[in-house]
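Okay, so here's the structure we're looking at.
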Number of protein chains: 2
Amino acid sequence: MARTANPENRDRIVRTTRDLIRRNGIQGTTMLEVVKASGGSRGSLYHYFPGGRAEMVEDAVRSAIDEYTAGIEYLATLPAAQAIPLMVEFWRAEAEASDYAAGCPIAAAALGGASDPVPSRLAGEAFAGWIDAFARMLVNEGIPADRARALGTLAIAAVEGAVILGLAQKSSTPMELVADQLVALVDAAQ
Amino acid sequence: MARTANPENRDRIVRTTRDLIRRNGIQGTTMLEVVKASGGSRGSLYHYFPGGRAEMVEDAVRSAIDEYTAGIEYLATLPAAQAIPLMVEFWRAEAEASDYAAGCPIAAAALGGASDPVPSRLAGEAFAGWIDAFARMLVNEGIPADRARALGTLAIAAVEGAVILGLAQKSSTPMELVADQLVALVDAAQ
DNA sequence: CCATAAATATGCAGGCATGCATAGATATCG
DNA sequence: CGATATCTATGCATGCCTGCATATTTATGG
């Protein structure tokens with residue numbers, strides 16, 4: 001038996017799929033484009049993803065959720081006045097590096113619910129986890145639980161929205177303004 | 001010459017296209033589905049939109065922008081404490097009525113920039129106008145211009161983000177929490 | 001080195017979407 | 001009513017995408 005069990009190629013495909021989802025959305029991401037962008041062949045894709053396109057897309061979204069959630073869990077250990085600018089700066093840098101073509105893949109998954117319900121549901125659960133993490137961070141700073149939950153929801157929603165505004169306007173201004181206002185708001189809530 | 005000049009059918013097609021964009025995004029909206037949903041024939045579509053799919057999609061986005069912008073301009077004549085809940089309530093009702101399948105078509109246009117740059121650019125301009133309107137409203141309530149602009153950006157971004165969170169979670173909670181927090185924030189800023 | 005499995009490459013059928021062309025139906029005006 | 005323009009319907013060619021099947025290559029274990 002050979003059993004190479006080489007996960008590198010599969011991971012590379014998953015990453016490429018994520019990148020394409022960020023640019024073209026769930027519906028706009030095809031196996032042919034993933035093949036072109038990752039350099040393999042169509043046969044390889046069905047080897048790594050027997051479930052076809054659905055499995056490939058779902059894995060890409062799961063992978064992105066795992067990665068981003070870990071990042072947010074880390075940010076939640078910092079003071080909010082640091083965590084919020086860091087989170088926004090991450091998206092700003094990603095947007096700018098792609099010339100404002102690549103947004104949040106989780107938001108893309110959320111909006112692809114009509115054709116792909118599973119990634120959309122996963123996105124909903126991921127957002128809930130992110131809100132929880134932010135709320136915990138705010139509770140640690142002395143904000144009551146109910147208010148912390150509401151402010152956490154506002155923060156996640158505002159950052160996701162700011163990324164969309166930034167892509168449409170090809171500008172980092174929305175993200176910067178939103179970060180400033182969120183920090184000021186959390187500061188005032190303490 | 002007959003020259004019926006009957007814009008009703010064309011308008012119905014434009015509206016159907018908008019609805020499909022809200023559910024399936026720009027890339028997920030095809031002429032065949034528009035024909036199926038609006039009841040006409042493919043020939044009619046090319047009669048009304050000689051530019052093909054691109055013209056149809058662009059007109060749908062322009063129409064949506066015109067309509068929503070008029071609504072926001074009206075909201076901006078009200079006190080912010082009324083305007084913000086009304087705006088959120090509109091999206092909440094639309095989301096709920098569609099069983100959390102239909103979001104904001106302008107956000108969908110913003111995210112479709114890779115394949116359709118024109119609607120994405122229009123979305124960016126529309127967002128700028130909405131932010132201006134909100135900022136004017138806040139200036140009227142005594143908030144300094146710079147702060148008003150930042151708060152207006154935060155409000156538009158947060159509402160758009162809350163709609164996405166709501167669709168993913170199939171819940172109106174994100175929109176309600178965001179509306180409450182935005183009202184409290186504007187109230188405190190005066 | 002050889003047998004076996006992993007990984008890659010390619011072809012084919014079916015379905016869908018676009019764009020265009022070509023008819024046919026409908027309505028309006030003189 | 002007849003002529004003209006609008007509107008609708010349908011077919012064809014092309015290309016893309018998926019899923020599956022079928023080689024072919026590569027690598028590993030014995």
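Chain naming here is simple, since letters A, B, ... match the order of the sequence lines and numbering starts at 1 in each.
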Listed once per pair and sorted, the ring pair (Phe, Tyr, Trp, His ring centres under 6.0 Å) pairs that draw on residues 8-40 of chain A, sequence neighbours left out: none

Near DNA chain D, counting only heavy atoms under 4.0 Å, which residues of residues 50-59 of chain A show up? A:Gly52, A:Arg53

Phosphate OP1/OP2 of [N]: any [X] side-chain N/O under 4.0 Å:
| X | N | answer |
| --- | --- | --- |
| A:His47 | C:dA7 | yes |
| A:Tyr48 | C:dT8 | yes |
| B:Asn9 | D:dT8 | yes |

Take atom [atom1] of [X] and atom [atom2] of [N], then tell me their distance rounded to the nearest Å.
| X | N | atom1 | atom2 | result |
| --- | --- | --- | --- | --- |
| A:Ile13 | C:dA9 | CD1 | C1' | 13 Å |
| B:Phe49 | C:dT18 | CZ | P | 13 Å |
| B:Glu8 | D:dC7 | CD | C1' | 14 Å |
| B:Leu45 | D:dT6 | CG | P | 18 Å |
| B:Leu20 | C:dA17 | CG | C1' | 14 Å |

Is a donor from one side chain sitting under 3.5 angstrom from an acceptor on the other, for B:Arg147 and A:Gln181?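 Present: a donor and an acceptor within the cut-off.
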
Have A:Glu141 and A:Gln190 got a donor and an acceptor in their side chains that come within less than 3.5 Å?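 Result is yes, a qualifying pair exists.
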
Does a side-chain N-to-carboxylate-O contact under 4.0 Å join [X] and [Y]?
| X | Y | result |
| --- | --- | --- |
| B:Asp99 | B:Lys170 | no |
| A:Arg18 | A:Glu58 | no |
| B:Arg15 | B:Glu67 | yes |

Could you tell me whether a side-chain N or O of A:Ser63 sits under 3.5 Å from a main-chain N or O of A:Asp59, the two making a donor and an acceptor?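 Absent.
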
Taking only heavy atoms on the protein side, list every residue of residues 25-44 of chain A lying under 4.0 Å from any atom of DNA chain C, sorted numerically.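 Contacts with DNA chain C under 4.0 Å: A:Gly40, A:Ser41, A:Arg42, A:Gly43, A:Ser44.
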
Distance (rounded to the nearest 0.5 Å) between B:Ile131 CD1 and B:Leu151 CG: 11.5 Å

